[in-house]
2 protein chains.
Amino acid sequence: MTDHVAGVLDQWARERPDLDVSPMAVVGRVSRVSRRFAAETARTFAQHGLDHASFDVLATLRRAGPPYALSPTALTRSSMVTSGAISQRLDRLEARGLVVRRPRPTDGRGTDVALTDEGKALVDRALPDHLATEERLLAALSDEQRAELATLLSALLVSLE
Amino acid sequence: MTDHVAGVLDQWARERPDLDVSPMAVVGRVSRVSRRFAAETARTFAQHGLDHASFDVLATLRRAGPPYALSPTALTRSSMVTSGAISQRLDRLEARGLVVRRPRPTDGRGTDVALTDEGKALVDRALPDHLATEERLLAALSDEQRAELATLLSALLVSLE
DNA sequence: CCAGACTGTCTTAGCGCTGAGCTAACAAGC
DNA sequence: GCTTGTTAGCTCAGCGCTAAGACAGTCTGG
C-alpha cells in the first residue's frame, strides 16, 4: 500500500534522477497529513458552530486556566497567525458573546480578552468531540507508533521554533 | 528542550485531567510543523517569483514527464484544492506565459494544460533551491530518523487517503 | 435518435488571512 | 518636561481558497 507522495517521488526519480528528492518524503507527507487532519477536524468544529480559528482562540483561553483571560498579544504568539488575524477573530467571537474585551487597568494600551460563561461552556462541549475525531484520525497507528511520531515531530519543532 | 505543543499538553492536563488529550501530541505537532515548513518554503519560492500554489502546478506538470501536459481535473486530483482553485491558478500561470491551455481534440469538454518552455525552465531552476530548503528544514534529524518519520507519516496517509 | 445523467471546466460571492501601516500609550535619557 | 523609541492593538486592501452552481459536451438506455 502506498500513498500519493510515494508516487511523486517515483516521478521525480524518473524525470530528475540527478536530484536528491528524499526530503520530500517527509515534507510532502507532513503537508498532506496536515491538510487531511484540518479537513476532518473542521467538520467536528462545524457541528458546534465553530471553525478552526475560533476554536483555537477559545481553547487557548480555556487551557490557560482561571480567569480564562489573555492579551491579544499572547493569543497571537501562541497561534501562528498575525496580530491582524487575531483582531478579526476576536471581533467575530465577541460579536457572538463567546469572549469579552476589557481594557487592562495597569496598562492603557493593553486589553484583556476573557472567555464568557457561554464561551467556556462551548469549548468544554466541543473539546471531547474534537479529541474523539483526532483519536479516529490516528487509528491506523499503535500507541508506540504515535509516541515515536510525536517524538520525531517534537525534535523537528524544537529545531524550527 | 520542549516545544510549544508540550506546553499545551501540560495545560490541558492541569485544566481537564478527566480528558485524554494525547492525540494532540501528534495532530498538534503535524499542524505546527506543516505551517513552519510552508512559511520557509514560501520564501524560497518567492525568490523565483513563485508561491506554493504556482509551484505545485508547475511541478506536477514537470514531473509528469514529456509532453508536460495534464488536464485540470488531473491537476485538481493531485493537489488537495478544489477545481475552482485550479482554474484560478491556471489563469495566473497562463497570464504569465508559464503554461498554455489547449482544447483536447478527443473531447470537446476537455483541456490540456501544458508547460511552456519558460514554465519548464522556471520550475527546473526553482526545484534545486526548494530541495535545499527542505533539506535545511530537516537538518535536525538523522537519515534514520527521517526514514522512520516518513514511514509513520506514510502509514497515516494511507489510512486517510 | 432523443432524454436524462454524467463529466470537465469555469465563474463568482464570500471568507479568513497577510502585510503594511496607523494610533495611542508607555519608557528612558537628557 | 521633552524627545525618541518601543509596545499593544487595530484597520484595510488585496489575495487565494471554498462552496455552489452554471454550462457545454459526452454517454447510455429505451
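Convention: sequence-line order gives letters A, B, ...; per-chain numbering from 1.
When the salt bridge (Lys or Arg N to Asp or Glu O under 4.0 Å) test is applied to B:R146, the partners found at least two apart in sequence or on another chain are B:E135. Applying the side chain to side chain donor-acceptor pair (under 3.5 Å) rule to A:R77 yields no partners; only residues at least two apart in sequence or on another chain are considered. Considering only residues two or more places apart in sequence or on other chains, B:F55 meets the ring pair (Phe, Tyr, Trp, His ring centres under 6.0 Å) condition with B:F45, B:H130. When the salt bridge (Lys or Arg N to Asp or Glu O under 4.0 Å) test is applied to B:R101, the partners found at least two apart in sequence or on another chain are B:D91, B:E94. Annotation: salt bridge (Lys or Arg N to Asp or Glu O under 4.0 Å) contacts of A:D124 (sequence neighbours excluded): A:R62, A:K120, B:R16.
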Query raised in the report: Could you go step by step and tell me if B:E40 and B:R136 meet the salt bridge (Lys or Arg N to Asp or Glu O under 4.0 Å) rule?
Result: CA-CA 10 Å; B:E40 281 304 307; B:R136 182 170 56 75; 3.3 Å; yes
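For the pair A:S71 (side chain) and A:D112 (backbone), a donor-acceptor distance under 3.5 Å is absent. Using a distance-only test at 3.5 Å, with no hydrogens or angles considered, no donor-acceptor pair links the side chain of A:S34 to the main chain of A:S31. The closest donor-acceptor contact from the side chain of B:E15 to the backbone of B:W12 lies at 3.5 Å or more, if one exists at all.
In the hydrophobic clustering, where aliphatic and aromatic side chains (Ile, Leu, Val, Met, Phe, Trp, Tyr) are joined below 4.5 Å either directly or transitively, B:M80 stands alone. Hydrophobic cluster membership for A:M1: B:V158 (Ile, Leu, Val, Met, Phe, Trp, Tyr linked by side-chain heavy atoms under 4.5 Å, directly or transitively).
Scanning residues 29-38 of chain A for heavy-atom distances under 4.0 Å to DNA chain C yields an empty list. A heavy atom lying under 4.0 Å from DNA chain C marks the following residues of residues 64-93 of chain B, by number: B:S71, B:P72, B:T73, B:S83, B:G84, B:S87, B:Q88. Listed in residue order, the members of residues 50-58 of chain A having a heavy atom less than 4.0 Å from DNA chain C are A:D51, A:A53.
The pair B:E161-A:R32 meets the salt-bridge criterion, with a side-chain N (NZ, NE, NH1 or NH2) lying under 4.0 Å from an Asp/Glu carboxylate O.
A:S154 and B:D3 share a side-chain donor-acceptor pair at under 3.5 Å.
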Close N or O pairs between protein and nucleotides 26-29 of chain C (under 3.5 Å):
unit_1	atom_1	unit_2	atom_2	d
C:dC26	OP1	A:G108	N	2.5

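Rounded to the nearest 0.5 angstrom, A:M24 CE and A:L19 CG are separated by 8.5 Å. Rounding to the nearest 0.5 Å places OG1 of A:T44 at 11.5 Å from CG of A:L127.
Rounding to whole angstrom units, CD of residue B:E94 and P of C:dT9 are separated by 13 Å.
The outermost nucleotides of DNA chain D lying under 4.0 Å from heavy atoms of chain A, listed 5' to 3', are D:dT7 to D:dC12.
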